[in-house]
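Computed from a prediction, not measured in an experiment: that's the story for all the values here. The residues of the chain are indexed from 1 along the displayed sequence.
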Amino acid sequence: MAGASSPASLRASRSRRLGKETNRSDLFKKPAVPFAFALILADAILVALIIAYVPYTKIDWDAYMSQVSGFLGGERDYGNLKGDTGPLVYPAGFLYVYSAVQNLTGGEVYPAQILFGVLYIVNLGIVLFIYVKTDVVPWWALSLLCLSKRIHSIFVLRLFNDCFAMTLLHASMALFLYRKWHLGMLVFSGAVSVKMNVLLYAPTLLLLLLKAMNIIGVVSALAGAALVQILVGLPFLITYPVSYIANAFDLGRVFIHFWSVNFKFVPERVFVSKEFAVCLLIAHLFLLVAFANYKWCKHEGGIIGFMRSRHFFLTLPSSLSFSDVSASRIITKEHVVTAMFVGNFIGIVFARSLHYQFYSWYFYSLPYLLWRTPFPTWLRLIMFLGIELCWNVYPSTPSSSGLLLCLHLIILVGLWLAPSVDPYQLKEHPKSQIHKKA
């Protein structure tokens, strides 16, 4: 009969209805995605209000613009690129980013604040994406990512280059979640070219690369990252290479004791000593090795067992493929984020000095790290609030910095006590995926 529906079409229609009902049910049971969008909208409104009604605080903006003007004026000796806060100490990616900012804003603060407000929302969106994909933190705790007074200030009232560096870092992590290792390494290297603090993620990232790819893939990914640094610094490397490397990659800088948020309780003579720096470095490296051996590589039999199982430095793969060495296993998203966040946090705990803008280096990992500990929820929230309060004490005091260090160490102990989860998941065979779709 004309117009009658066939059994197949009726089944398809019923299937579509059931699919829609299932999607609504999933949204109701797992409201993380709509809640994340609501947070972005609410925070965008808050950022607009901050820009409109809270006075801007002048710190480094004029120095940034002076350094950029010197670069655009043709100066290629890094030692001569200076501002009112001193010489330029960041890699050349900083100059390209802030040259673009100057062109977009005319060097004026208010339009720059709007630009940084957009950057804040973009960064928040990327971070929420990472949290939703890993599903470690409960949906309501995502709101913690929007509750920091200091972070809002760093982005839209201070205009620090840390904001660009961390946004690129988070973007690279989002790519790593989908095993886009080569592209992610290019973005990661771009973040390093804006500010070198991103290198705190490098040790754990190297471990993840070794887990995810064969030796040729790892070398090619590292070569791509190195190429980015060469291309970014090329105008300076071909003119004044020593000046560029000495100023842009100075790892021996001693920060001013007054501005230290984490070690204000340490006497200044100790704070500036080489012995103090060496002790912190040893503690940093020791904990990285300990976590790598007993946590991140536990399921592979420790670092030595992992390297033996992969035969990295004994044989080359027969195929020149960049893909995963193990055809049946892939790294879980949770392992990627946990390793990178914890590795960076270890560096934060033992950093010689943390200035106020450095809070952006690890704030966005705090909820994730806290929910990776075995602590009860009420303690996690108290610790989050305590860290935020410490970062909002100005100027920092011996008491506030001592409390901050204690809170950091408690989180570190909690991360150590947390059970190690299998970092791999079985890769589905293509035929099983076809059967599922059918």
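- V127 has its side chain within reach of N123: a pair of non-hydrogen atoms, C-beta onward, lies under 4.5 Å apart.
- Side-chain rings of F116 and F160 stay apart, their centers remaining 6.0 Å or farther from each other.
- Ring pair W361/F358 is parallel by interplanar angle, where below 30° counts as parallel and above 60° as perpendicular.
- Looking only at atom types and distance, the side chain of T332 has no donor-acceptor partner in the side chain of Q425 under 3.5 Å away.
- For the residue pair Y294/S420, the side-chain donor-acceptor check at 3.5 Å is not satisfied.
- Note on ring orientation: taking the six-membered ring where Trp is involved, the planes of Y78 and Y244 are perpendicular (angle over 60°, cut-offs 30° and 60°).
- At least one donor-acceptor pair closer than 3.5 Å links the side chain of T338 to the backbone N or O of E334.
- A donor-acceptor pair is defined here as one N or O able to donate and one able to accept, closer than 3.5 Å; such a pair exists between the side chain of Q229 and the backbone of S189.
- Smallest separation of non-hydrogen atoms from L209 and M185: CD1-SD, 3.9 Å.
- Other residues, nucleotides and ligands place more than 12 heavy atoms under 6.0 Å from the CG atom of L409.
- L119 contributes atom CG, which lies 4.0 Å from atom OG1 of T167 (distance to the nearest 0.5 angstrom).
- Here R179 contributes atom CZ and L208 contributes atom CG; the two are 13.0 Å apart, rounded to the nearest 0.5 Å.
- Annotation: salt bridge (charged side-chain N to carboxylate O under 4.0 Å, His left out) contacts involving residues 103-113, sequence neighbours excluded, are absent.
- Rounded to the nearest 0.5 angstrom, S148 OG and Y359 OH are separated by 4.5 Å.
- For the pair Y131 and P367, the tightest heavy-atom approach, listed with the atom from each and the gap, is OH-CD, 3.5 Å.
- What you find for S360 and M166 is that their closest heavy atoms are O-CG, 3.5 Å.
- Interatomic distance, CG of L124 versus CG of L128, reported as 4.5 Å (0.5 Å rounding).
- Here the side chains of T105 and I114 are not in contact, with every heavy-atom distance at 4.5 Å or above.
- Scanning for ring-ring contact (aromatic ring centres under 6.0 Å, His included) contacts around Y96 gives F71, with sequence neighbours left out.
- In this structure, W259 and H355 have tilted ring planes: the angle between them lies in the 30° to 60° band.
- Among residue pairs with one or both ends in residues 180-199, those qualifying as salt bridge (charged side-chain N to carboxylate O under 4.0 Å, His left out) are D162-K195; sequence neighbours excluded.
- Shown here are the ring-ring contact (aromatic ring centres under 6.0 Å, His included) partners of W140, two or more places apart in sequence or in another chain: W371.
- For residues 215-243, no pair satisfies salt bridge (charged side-chain N to carboxylate O under 4.0 Å, His left out), with sequence neighbours left out.
- The main-chain N or O of H257 is never found under 3.5 Å from a side-chain atom of S260 such that the two would form a donor-acceptor pair.
- Side-chain contact, Y424 with E300: a donor N or O sits under 3.5 Å from an acceptor N or O.
- The stretch residues 42-55 participates, sequence neighbours left out, in no salt bridge (charged side-chain N to carboxylate O under 4.0 Å, His left out) pair at all.
- Here the straight-line distance linking atom CG of L288 with atom OG1 of T204 works out to 7.5 Å at 0.5 Å rounding.
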Which donor-acceptor pairs under 3.5 Å do the side chains of residues 265-274 make with protein atoms, sequence neighbours left out?
| from | atom 1 | to | atom 2 | distance (Å) |
| --- | --- | --- | --- | --- |
| S273 | OG | V270 | O | 2.6 |
| S273 | OG | F276 | N | 3.3 |

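- Within the 4.5 Å cutoff, the side chain of M173 has no heavy atoms near those of the F188 side chain.
- Nearest heavy atoms, L207 versus C297: CD1-SG, 3.7 Å.
- Nearest heavy atom pair, residue L186 against residue A225, reads CD2-N, 4.3 Å.
- Proximity of a side-chain donor or acceptor of T134 to a complementary backbone N or O of I130 within less than 3.5 Å is detected.
- A distance-only check finds a donor-acceptor pair linking the side chain of K264 to the backbone of F258 [under 3.5 Å].
- Of the inter-residue distances, the one linking L412 atom CG with L287 atom CG reads 5.5 Å to the nearest 0.5 angstrom.
- With sequence neighbours excluded, no residue forms a salt bridge (Lys or Arg N to Asp or Glu O under 4.0 Å) with E388.
- Take F155 and apply the ring-ring contact (aromatic ring centres under 6.0 Å, His included) test, not counting sequence neighbours, and it matches Y120.
- Side-chain contact between L72 and Q102 is present, with at least one heavy-atom pair separated by less than 4.5 Å.
- The number of heavy-atom neighbours closer than 6.0 Å to OH of Y240, taken from other residues, nucleotides and ligands shown, is 12 or below.
- The stretch residues 36-62 participates, sequence neighbours left out, in no ring pair (Phe, Tyr, Trp, His ring centres under 6.0 Å) pair at all.
- Smallest separation of non-hydrogen atoms from M196 and A248: CE-O, 3.7 Å.
- Proximity of K333 to F176: side-chain heavy atoms (C-beta onward) are nowhere separated by under 4.5 Å.
- No donor-acceptor pair under 3.5 Å is formed between the side chain of Y364 and the backbone N or O of L145.
- At least one donor-acceptor pair under 3.5 Å links the side chain of N262 to the backbone N or O of A351.
- Remark: the backbone N or O of S401 is not paired with any side-chain donor or acceptor of S396 at under 3.5 angstrom.
- Applying the ring pair (Phe, Tyr, Trp, His ring centres under 6.0 Å) test to residues at least two apart or on different chains, the pairs with a partner in residues 396-419 are F291-W416, F345-H408, Y362-H408.
- In terms of the salt bridge (Lys or Arg N to Asp or Glu O under 4.0 Å) criterion, residue partners of D62 (sequence neighbours excluded) are, by chain and number, K58.
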